[in-house]
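The structure appears below as structure tokens.
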Amino acid sequence: MTKSLFPGFDGLMTLSRREGVDVRPTLLRVLTDLYVQTSTHSDDEQRQFVELATRLIDQVDDATRAAVKARLAVYPQTPVPILQKLGLVATQEGRRVPLAREIPAPPRAPAPARVPTEAEQRMAANLAMQPKEAAEIHDMFFRAGASERALILHNLAQTPLKAAPRIPTVRAKRAIQILEMAAIAGDIESFTFELGDSLILPSRVAAQIVDDAGGEALAVAARALDMPSPVFQRILLFFKPEIGTSVNAVYRLSRLYDRLAERSALVMLAAWRGSTLAVTRAKYQSSLHDGERQRARAGASQTRPGVQPGSSPAVRTGTNPSDR
């Protein structure tokens, strides 16, 4: 089971002990979710789940442990060693105890609203992004490599260009839930549609973000929605298998996401939106220019008189000189 789902599990466990993002809470949640999705398991699958989950339960925070306990408490095939580890001990041999209700995770304290500085307000009010600039930023980002993209995003935090407004909190939370479910289900079409709809992006740009092999574009989109870091990591593991199976790729994108400024993501979002307008203008400007040239040529041929205005053309009626 774990080999097919987590080929890089041991490497991720080693990585989690190094300085940087701690992926153990995410791994325990994902491992639990996968286990409870199936009603029956083989002895080997059960043994591997017990080994891995037992190691992780002692290494995660209380909120993660409580969430996992709630999931396994209502699952009828939870192994007895895990029940004992979580305090759900059977009263008799072969009999489960009445299961506890789900233990809610402690509510997150709302982050204090950051008041923009006077300089930020002045720059945002005066330097709206033009379609040409948006198209250049869009193209430059998608042509760049991983290190260059990180530098671009870092510089966008300091740019005077106007950022896109924040996505409303209620809409963003709904989008995050839908995106996570679509990612776990591997539903690319629903994931792409919801990403474009929530960020107000055309389907072409949303598909480009989803198909981006590096994953940085997806990190920017997630940051624009203020997606929690564990949710973004789960999406990487499920929705991007070419990234989720690489220890270095998960580590790199997780660190990039945690360091990515909200303003950088919103400026890039504004560029993605503006680039569409630039493409549309270029498309219609070419056809309008051709039409204007054709009308100009037709008008020129129609306004060339054969004689000067006010004069009458000479009419020849024969060869007699007197008639000329």
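Small disclaimer: the values here were computed from a predicted structure and weren't measured.
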[X] side chain vs [Y] backbone, donor-acceptor pair below 3.5 Å:
X: Lys240; Y: Val210; answer: yes
X: Arg273; Y: Ala134; answer: no
X: Asn155; Y: Leu151; answer: yes
X: Thr78; Y: Leu72; answer: yes
X: Thr192; Y: Ala206; answer: no

Walk me through it: do Asp212 and Arg149 pass the test side chain to side chain contact (heavy atoms under 4.5 Å, CB included)?
CA-CA 12 Å; Asp212 178 55; Arg149 287 181 175 186; 2.8 Å; yes
Is any side-chain heavy atom of [X] less than 4.5 Å from a side-chain heavy atom of [Y]?
X: Trp272; Y: Gln208; answer: no
X: Arg65; Y: Ile57; answer: yes
X: Asp61; Y: Pro25; answer: yes
X: Arg29; Y: Leu56; answer: no
X: Leu179; Y: Leu225; answer: yes
X: Phe232; Y: Ile176; answer: no
X: Met227; Y: Ile235; answer: yes
X: Glu216; Y: Leu256; answer: yes

Can you list every ring pair (Phe, Tyr, Trp, His ring centres under 6.0 Å) pair that touches [range], not counting sequence neighbours?
range: residues 151-172; value: none
range: residues 159-188; value: none
range: residues 170-208; value: Phe191-Phe239

Scan side-chain atoms only and decide if Ser229 and Gln233 contain a donor-acceptor pair under the 3.5 Å cut-off.
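A pair is found: one side chain offers a donor N or O, the other an acceptor, under 3.5 Å apart.
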Do the side-chain N and O atoms of Gln37 and Asp33 include a donor-acceptor pair separated by under 3.5 angstrom?
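Their side chains do not contain a donor-acceptor pair, so the 3.5 Å distance test is not met.
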Run the salt-bridge test on [X] and [Y] with the 4.0 Å N-O cut-off and return the result as yes or no.
X: Lys69; Y: Asp62; answer: no
X: Arg143; Y: Glu148; answer: no
X: Glu180; Y: Lys173; answer: no
X: Glu51; Y: Arg47; answer: yes

side-chain contact (heavy atoms from CB on, under 4.5 Å) partner of Tyr35, the single match among Gln48, Gln46, Arg71
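Exactly one pass, corresponding to Gln46.
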Quick one: CG on Leu199 to CG on Leu266, what's the gap to the nearest 0.5 Å?
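It comes to 9.5 Å.
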Just wondering, are more than 12 heavy atoms of other shown residues or ligands nearer than 6.0 Å to CG in Asp58?
yes
So with a 6.0 Å cut-off around CD of Glu189, is the heavy-atom count from everything else above 12?
no
Using side chain to side chain donor-acceptor pair (under 3.5 Å) as the criterion, list what pairs up with Ser198, not counting sequence neighbours.
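Side chain to side chain donor-acceptor pair (under 3.5 Å) check on Ser198 returns nothing, list empty.
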Mind checking side chain to side chain donor-acceptor pair (under 3.5 Å) for Asp226 and listing every partner two or more places apart, or none if nothing turns up?
none
Assign the ring pair His41 / Tyr75 to parallel, tilted or perpendicular, where the plane angle (0 to 90°) is split at 30° and 60°.
perpendicular
Partners meeting salt bridge (Lys or Arg N to Asp or Glu O under 4.0 Å) with Arg223 (sequence neighbours left out):
none
